[in-house]
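Encoded as structure tokens, the structure appears first; notes follow it.
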Amino acid sequence: MKIDYSTETTAQLLSNLNMIKVLIVALLIILSLLIGISIYGMLTKDDNATFIATLAVGLCCSATLPVQFMSKKAIKVELIKREETL
């Protein structure tokens, strides 16, 4: 799924880039906490089913990170291309 960023204005691209940066940081923090708590719970608690399920959710949700990094890179490439033409 490739998004054509050439139709958006520079202000929209900068806004999207900032939003993606915030989203990446938030995802990294939340997923790190979720996976960390799951691993800690599996090592110390007796009921492992809950912690295995939360670990699976954390690992599955981490698959969204590469998509965010690719979007960030595509926006940066479009912004650089626009600066070269000016």
Side-chain angles (χ1 to χ4, degrees):
M1 180 176 106
K2 188 159 181 141
I3 299 174
D4 186 24
Y5 290 112
S6 62
T7 59
E8 295 186 16
T9 65
T10 304
Q12 289 174 330
L13 288 176
L14 289 173
S15 174
N16 287 344
L17 184 63
N18 289 334
M19 181 182 61
I20 288 174
K21 285 180 182 179
V22 169
L23 183 66
I24 288 172
V25 171
L27 277 172
L28 286 172
I29 291 170
I30 291 169
L31 291 174
S32 297
L33 284 172
L34 183 63
I35 292 171
I37 290 170
S38 298
I39 291 172
Y40 175 76
M42 284 191 302
L43 293 175
T44 60
K45 304 293 181 184
D46 292 334
D47 184 22
N48 283 338
T50 304
F51 295 109
I52 291 172
T54 56
L55 180 64
V57 169
L59 292 176
C60 291
C61 289
S62 66
T64 62
L65 283 173
V67 174
Q68 299 304 322
F69 283 117
M70 288 187 297
S71 296
K72 180 181 170 184
K73 182 178 178 184
I75 291 174
K76 282 185 175 182
V77 167
E78 181 65 30
L79 286 171
I80 290 171
K81 195 184 317 179
R82 289 181 185 193
E83 287 178 2
E84 290 175 354
T85 59
L86 294 177

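The shown structure was predicted, so the numbers you read here are calculated from the model rather than taken from an experiment.
When the side chains of ILVMFWY residues are joined at heavy-atom separations under 4.5 Å, either directly or via intervening members, Ile29 and Leu27 end up in two distinct hydrophobic clusters. The same ILVMFWY cluster, assembled from side-chain heavy atoms under 4.5 Å apart, contains both Ile75 and Leu23. By the criterion of side-chain heavy atoms lying less than 4.5 angstrom apart, applied directly or through intervening Ile, Leu, Val, Met, Phe, Trp or Tyr residues, Val25 is grouped together with Leu33 in one hydrophobic cluster.
Side-chain contact between Tyr5 and Ile3 is present, with heavy atoms from C-beta onward closer than 4.5 Å. Within the 4.5 Å cutoff, side-chain heavy atoms of Leu65 are placed close to those of Leu28. Annotation: side chain of Lys45 is not in contact with side chain of Thr50 (no heavy-atom distance under 4.5 Å).
Counting all heavy atoms, side chain and backbone alike, Leu31 lies closest to Ser62 at CD1-CA, 3.5 Å. When all heavy atoms of Pro66 and Ala63 are compared, the pair lying nearest together is CD-O, 3.3 Å.
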Requested in this report: Determine, stepwise, if the pair Thr54 / Ile37 fulfils side chain to side chain contact (heavy atoms under 4.5 Å, CB included).
Outcome: CA-CA 9 Å; Thr54 56; Ile37 290 170; over 6 Å; no
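A donor-acceptor pair under 3.5 Å is absent between the side-chain atoms of Ser15 and the main chain of Ala11, judged by distance alone. With hydrogens and angles disregarded, a donor-acceptor distance shorter than 3.5 Å links the side chain of Gln12 to the backbone of Thr9.
For the atom pair CD1 of Ile39 and CZ of Phe51, the computed distance is 12.0 Å after rounding to the nearest 0.5 Å. For the atom pair Leu13 CG and Glu78 CD, the distance stands at 6.0 Å (nearest 0.5 Å). Between the CG atom of Asn16 and the OG atom of Ser71 there is a distance of 9.0 Å, given to the nearest 0.5 Å.
Listed by chain and number, the residues in a side chain to side chain contact (heavy atoms under 4.5 Å, CB included) with Leu59 are Ile35, Leu55 (sequence neighbours excluded). Every residue meeting the side chain to side chain contact (heavy atoms under 4.5 Å, CB included) condition with Lys72, not counting sequence neighbours, appears here in chain and number order: Leu17, Ile20, Lys21, Ile24, Lys76.
The pair Lys81-Glu84 fails the salt-bridge criterion, with no side-chain N (NZ, NE, NH1 or NH2) lying under 4.0 Å from an Asp/Glu carboxylate O.
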